[in-house]
Amino acid sequence: MFQVVSAIILRRLLLAIPTLLLLSLVVFVVLRMLPVDPLAMLLPASATPADAAALRQQLGFDKPIPQQFLIWLWEAMNGNLGNSINFRQPVVQLMLAAVPATLELTLTSLLLALLISVPGGVLAFVLYQRRREATADVIVALMQSIPSFLWSLLLILAFGVLWPVLPFSGRVGDGVALPGITGIALIDLLLVGRFDAWLSAVSHLLLPALALALGFAPLVIRVLRSSLIDAANEPYVEVARLRGLSETRILWRHMLKNASLPTITMIGVQFGFLFGGALLVEMIFGFPGVGNLMVQAVKGNDLPLIQGIALIFCVLMLAITIIVDVLYAVLNPRLRTL
């Protein structure tokens with residue numbers, strides 16, 4: 001098992017290198033071709049064309065695009081993504097502060113989505129071809145038709161305004177300082193024993209994570225239900241029935257394991273959209289993650305920062321792909337012989 005997993009990780013890492021280079025090149029060229037002047041806000045109103053040319057030369061924007069890309073690539077390989085034009089800080093430093101918050105939000109929402117969708121998918125399968133199936137389909141379709149940003153507004157209205165039991169702005173309460181050990185508040189506050197602050201972080205995280213989860217769970221429910229319907233027609237299910245196993249045991253011990261394979265693949269593919277949806281949800285809830293950082297970068301035409309965020313996004317997506325492949329091999333013994 002360990003050798004198979006190691007081989008899969010190594011093979012995927014080797015494939016990830018050219019993929020990452022190609023994505024970086026596409027992002028770099030596209031950003032450089034945009035009709036914007038990122039240096040305009042750095043120059044005072046009294047700046048002369050000579051001042052603009054000097055600043056452009058200082059930041060390397062006067063060089064041909066291929067040369068700019070090679071310089072950026074070399075610096076990126078050495079851990080330097082340049083300096084943000086707006087914040088006047090290294091892009092890596094800004095990303096290290098924002099990425100853990102977004103990861104915390106997306107992973108929590110994924111956990112909530114699984115807690116909703118796995119029982120929901122099993123229930124939808126149980127109701128298959130029954131009278132209440134139509135009711136379940138309507139509920140799932142209704143959930144799927146509501147995007148995450150609308151869930152955000154509904155949750156704020158319900159639990160932040162009409163029944164104000166949860167905060168809906170920020171990452172922790174006022175006066176709570178984050179230790180900054182890993183950047184993930186739920187872990188750091190436990191490590192330093194700040195349980196009161198940990199509860200504050202959980203309460204601030206719940207609504208944005210639930211907004212993302214409610215937008216993601218219906219898709220998982222549909223895929224899991226379809227996979228279970230397909231699994232129900234497999235020969236091993238009939239064999240299990242002939243052995244006298246109960247329908248509940250067949251469902252939870254055998255069918256669900258096989259039905260999880262396409263579901264895991266779909267979750268891996270759709271996780272990027274979950275990450276993208278987090279950017280918008282962060283803005284609504286004032287969550288200090290990559291979404292807020294991206295908005296400020298776009299507003300200020302901060303090309304180095306936009307480029308750094310795009311690169312980190314690509315790296316995260318490739319990492320998710322590798323994790324999905326490993327899980328797929330662990331759950332499917334036939335793939336271990338390939």
Side-chain angles (χ1 to χ4, degrees), residues 98-124 135-176 178 183-187 189-190 195-225 263 266-267 270-296 313 316:
V99 168
T102 299
L103 278 179
E104 183 177 55
L105 174 60
T106 51
L107 292 178
T108 304
S109 65
L110 179 60
L111 176 62
L112 290 176
L114 291 177
L115 291 175
I116 296 170
S117 58
V118 173
V122 172
L123 179 62
T135 304
D137 286 344
V138 170
I139 294 174
V140 173
L142 181 63
M143 291 176 63
Q144 197 168 9
S145 63
I146 301 177
S148 293
F149 75 90
L150 188 54
W151 277 119
S152 302
L153 299 178
L154 293 174
L155 290 173
I156 289 175
L157 180 64
F159 299 105
V161 179
L162 297 178
W163 188 33
V165 294
L166 289 172
F168 55 87
S169 179
R171 198 176 179 191
V172 290
D174 294 337
V176 176
L178 296 177
I184 297 178
L186 297 184
I187 295 177
L189 292 171
L190 282 180
F195 300 110
D196 55 334
W198 185 83
L199 291 174
S200 174
V202 170
S203 64
H204 282 77
L205 185 62
L206 194 54
L207 287 185
L210 189 58
L212 277 175
L214 289 173
F216 188 64
L219 186 59
V220 183
I221 290 175
R222 285 187 179 278
V223 173
L224 183 58
R225 173 179 174 272
T263 307
M266 186 277 300
I267 291 175
Q270 293 293 324
F271 190 80
F273 294 98
L274 189 68
F275 196 85
L279 306 186
L280 188 57
V281 171
E282 285 179 3
M283 289 173 51
I284 297 174
F285 286 94
F287 203 80
V290 177
N292 271 322
L293 196 61
M294 174 64 95
V295 171
Q296 296 177 60
F313 184 81
L316 286 175

Begin with the C-alpha distance, continue with both residues' side-chain angles, and end with the deciding distance and a verdict on side chain to side chain contact (heavy atoms under 4.5 Å, CB included) for L316 and L103.
-> CA-CA 10 Å; L316 286 175; L103 278 179; 4.2 Å; yes
Stepwise, does the side chain to side chain contact (heavy atoms under 4.5 Å, CB included) test hold for T263 with I267?
-> CA-CA 6 Å; T263 307; I267 291 175; 4.1 Å; yes
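Rounding to the nearest 0.5 angstrom, the gap separating the CG atom in L210 from the OG1 atom in T108 is 11.5 Å. In this structure, CG in L112 is found 8.5 Å from CG in L214, a value given to the nearest 0.5 Å. Between atom CG of residue L166 and atom CG of residue L207 there is a gap of 4.5 Å, rounded to the nearest 0.5 Å. Atom NE2 in H204 sits 13.5 Å away from atom CG in L105 (nearest 0.5 Å). Once rounded to the nearest 0.5 Å, the distance linking CG of L280 with CZ of F285 reads 10.5 Å. In this structure, CG on L178 lies 12.0 Å from CD1 on I184, to the nearest 0.5 angstrom.
Closest approach of E104 to L205, counting heavy atoms only: CG-CD2, 4.0 Å. Looking at every heavy atom in both residues, L186 comes nearest to A201 through CD2-CB, 3.9 Å. The two atoms that bring R225 and A124 nearest to each other are CD-CB, 3.4 Å, heavy atoms only. A101 and P288 make their closest contact through CB-O, 3.6 Å (heavy atoms, listed as atom of the first residue, atom of the second, distance). The two residues F216 and A113 come nearest to each other via the heavy atoms CD2-CB, 3.8 Å. Listed here is the closest heavy atom pair of L224 and S117: CD2-O, 4.0 Å.
For the side chain to side chain donor-acceptor pair (under 3.5 Å) condition, the pairs that include at least one residue of residues 277-294, sequence neighbours left out, are T102-E282.
Heavy atoms from other residues, nucleotides or ligands lying under 6.0 Å from CG of D174 number 12 at most.
Under the 4.5 Å side-chain criterion, counting only non-hydrogen atoms from C-beta, F287 is not in contact with V281. Taking the side chain as every heavy atom from C-beta outward, F195 and L190 approach each other to under 4.5 Å.
No side-chain donor-acceptor contact under 3.5 Å links S109 to the backbone of L212.
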In residues 151-160, what donor-acceptor pairs under 3.5 Å come from side-chain atoms, sequence neighbours left out?
residue, atom, partner, partner atom, Å
W151, NE1, I146, O, 3.2
S152, OG, S148, O, 2.8

